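For reference, the structure discussed in these notes is given below.
Treat the numbers as computed from the prediction; the structure is a model and nothing was measured. Residues: numbered from 1 along the sequence shown.
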Amino acid sequence: MIRFGTIAAAWCAVLLLAACESSGPAEKEDFDTGGSAGVFCLCEGNMNAGNASLSYYDPAARTVQNEVFYRANGAKLGDVAQSIFLREGRVFIPISNSGVIWAIDADTFRVEGKLEAASSQHPDQNNHIVAPRYIHFLSDTKAYVTDLFSPYLTVFDPRTCKITGAIHTGQAPSTGSYNSTEQMAQYGKWVFVNCWSYSNKILVIDSEQDKVVHEIELRSIQPNSLVVDRNGKLWALTDGGYAGSEYGQTEPCLYRIDAATWRVEQEFVFEKEEYPSELCINGAGDVLYFINDGICKMSHAPTRPLIPNQKNCLIYGLAIDPTNGEIYVGDAIDFEQPGVVYRYRDTGQGAELVDSFGVKGMLPSAFAFK
């Protein structure tokens, strides 16, 4: 997820210390989960180390298979695995630094499709992908991809992994690159897109015209995540930037926005020293969760952490199982060793630890539920 601010020093240390893992071919293994329920755990990996990886967790058996992409395909996932999505029996994984999106079978983990950024060797004037970040599916035949550096959103067909269009965001360049587009959420035909790096905007896209039709401006900068609840409210979380940034720093905020009128209805303000992130919503669409040192739960207003960070974990990933409301938390530990995933049950009075497991990958950051 490439966060700025307080972790910048940690990133620098990682870049100096991390060595690239071998990316040579390996003998392919056969997997078949038989369509059973499971959780994909994506490990982002260290930037420029090419060590992103994918684990698969069986919550019933409480067992984990690590590096399943590499083992099933005989090749590494790539450099910086940004996010993960499950659609119609396929798992889609954007790899931002490698400029590629993988589509793999959800049961066998074998590659079924690949969408790559254009290169000097293979130029394509219709391909605007640079560093893909997140995917939003509008149908079985249409999806949007956001980008860290490109001023375009890419439109593609998930069945064929072919580009079918592009949407110019209209965002001005910042320090030589464009304000990134990040997560997406939908209400009716409107798709909302947060512009994270050095920006304070949420774009509104008409998904019927594939066109940006409005920009919602927030007082706080750097919206990093957003969701739509069951009452038609768009929730957006900002990190406020970081001290010393040439673009300034504001207090982090959580915003409630009417998804139909695009009007900001409420602003919840955090302290400048806080860095809230990874806003999630439960399957019923009525409870919010986010990282703020620990894991916070919110029904009406931010409260004390549901899961305090008593172990001084470096909490890096968060997801809510939409079927049972269980909470999955990724601990990056120190950016220099394989991470740990914690699985909690929200009891209504607190959180109960159900299981924990180690992953061989670095920085467990995203999850997808099968």
Side-chain angles (χ1 to χ4, degrees), residues 1-3 11 14-15 18-26 28 40-55 66-86 90-105 109-124 126-136 143-154 156 158 160-163 166 176-178 180-183 196-197 316-317 332 335 338-339 359-368:
M1 55 195 74
I2 311 180
R3 300 189 185 115
W11 270 119
V14 167
L15 294 177
C20 293
E21 298 183 18
S22 171
S23 59
K28 297 179 182 179
F40 290 93
C41 307
L42 187 66
C43 295
E44 180 178 303
N46 303 119
M47 189 184 297
N48 296 330
N51 60 353
S53 68
L54 182 65
S55 295
N66 287 308
E67 297 185 316
V68 295
F69 182 93
Y70 178 68
R71 292 162 60 190
N73 298 286
K76 290 290 185 179
L77 193 56
D79 190 12
V80 185
Q82 180 56 41
S83 54
I84 185 167
F85 305 89
L86 187 61
R90 276 182 166 184
V91 179
F92 293 81
I93 307 174
I95 311 294
S96 60
N97 228 30
S98 296
V100 64
I101 299 171
W102 295 105
I104 68 172
D105 184 275
F109 315 139
R110 290 283 171 88
V111 171
E112 293 190 338
K114 184 180 182 183
L115 182 57
E116 294 182 271
S119 65
S120 57
Q121 291 77 24
H122 300 93
D124 183 349
N126 297 315
N127 186 339
H128 300 284
I129 296 174
V130 179
R133 299 286 282 179
Y134 292 87
I135 300 173
H136 178 73
Y144 290 160
V145 181
T146 55
D147 205 288
L148 182 62
F149 298 121
S150 174
Y152 290 89
L153 271 70
T154 295
F156 80 103
T160 62
C161 289
K162 300 295 184 183
I163 294 173
S177 61
Y178 286 83
S180 65
T181 47
E182 289 284 297
Q183 296 188 13
W196 171 54
S197 52
Y316 201 72
F335 292 105
V359 289
K360 287 187 178 179
M362 310 287 287
L363 286 62
S365 59
F367 305 86

- Least distance between heavy atoms, Pro94 atom then Pro132 atom: CB-O, 3.8 Å
- So, the side chain of Asn73 versus the backbone of Val111: is there a donor-acceptor pair under 3.5 Å, distance only? yes
- Task: Look up atom CD1 in Ile93 and atom OG in Ser83, then write down how far apart they are to the nearest 0.5 Å.
- Result: 9.0 Å
- Task: Could you pull out the closest heavy-atom pair between Ala166 and Tyr152, with the gap in Å?
- Result: CB-CD2, 3.9 Å
- Query: Closest approach of Pro364 and Gly339, non-hydrogen atoms and distance?
  - Reply: CD-CA, 3.8 Å
- Message: Once rounded to the nearest 0.5 Å, what's the spacing between atom SG of Cys161 and atom CD of Glu112?
- Response: 9.0 Å
- Message: If I compare all heavy atoms of Ser53 with all of Gly361, which pair ends up nearest, and what's the gap?
- Response: OG-CA, 3.2 Å
- Please lay out, stage by stage, how Arg133 and Gln183 fare under the test side chain to side chain contact (heavy atoms under 4.5 Å, CB included). CA-CA 8 Å; Arg133 299 286 282 179; Gln183 296 188 13; over 6 Å; no
- Task: Indicate yes or no for a side-chain donor-acceptor contact from Asp147 to the backbone of Ala131 under 3.5 Å, with no hydrogens or angles considered.
- Result: yes
- Going by atom types alone, do Ser55 and Asn66 pair a side-chain donor with an acceptor below 3.5 Å? yes
- Item | Non-hydrogen atoms of Leu77 and Ala52 that approach each other most closely | CB-O, 3.6 Å
- Query: Please walk me through it: do Leu153 and Val145 pass side chain to side chain contact (heavy atoms under 4.5 Å, CB included)?
  - Reply: CA-CA 6 Å; Leu153 271 70; Val145 181; over 6 Å; no
- Could you tell me which non-hydrogen atom of Gly45 sits nearest to which non-hydrogen atom of Asn51, and how far apart they are? CA-OD1, 3.2 Å
- Going by an N to O cut-off under 4.0 Å, is there a salt bridge joining Lys114 and Glu116? yes
- Message: Consider ring pair (Phe, Tyr, Trp, His ring centres under 6.0 Å). Of Phe69, Phe109, Phe92, which one does Trp102 pass it with?
- Response: Phe69
- Message: Angle between ring planes, Phe85 versus Tyr134, binned at 30° and 60°: parallel, tilted or perpendicular?
- Response: perpendicular
- Worked check of side chain to side chain contact (heavy atoms under 4.5 Å, CB included) between Ile163 and Ile129: CA-CA 10 Å; Ile163 294 173; Ile129 296 174; 4.2 Å; yes
- Query: Heavy-atom distance under 4.5 Å between the side chains of Ile84 and Val91, does that happen here?
  - Reply: yes
- Note on the structure: Paired with Ser180, the side chain to side chain donor-acceptor pair (under 3.5 Å) test is passed by just one of Ser96, Ser197, Ser150, namely Ser197
- Flag, side chain of Ser98 to backbone of Asp79, donor-acceptor distance under 3.5 Å: yes
- Nearest-0.5 Å distance, CG of residue Leu54 to CZ of residue Arg71: 11.0 Å
- Keeping the roles fixed (side chain from Thr181, backbone from Thr146), state whether a donor-acceptor pair exists under 3.5 Å. no
- Report the C-alpha separation of Leu363 and Cys43 in whole Å, then their side-chain angles, then the decisive distance to 0.1 Å, and conclude whether the side chain to side chain contact (heavy atoms under 4.5 Å, CB included) test is met. CA-CA 5 Å; Leu363 286 62; Cys43 295; 5.9 Å; no
- Task: Give, for atom CD1 of Ile104 and atom CZ of Arg110, the distance between the pair rounded to the nearest 0.5 Å.
- Result: 11.0 Å
- What's the spacing between Ile135 CD1 and Gln82 CD if we round to 0.5 Å? 11.0 Å
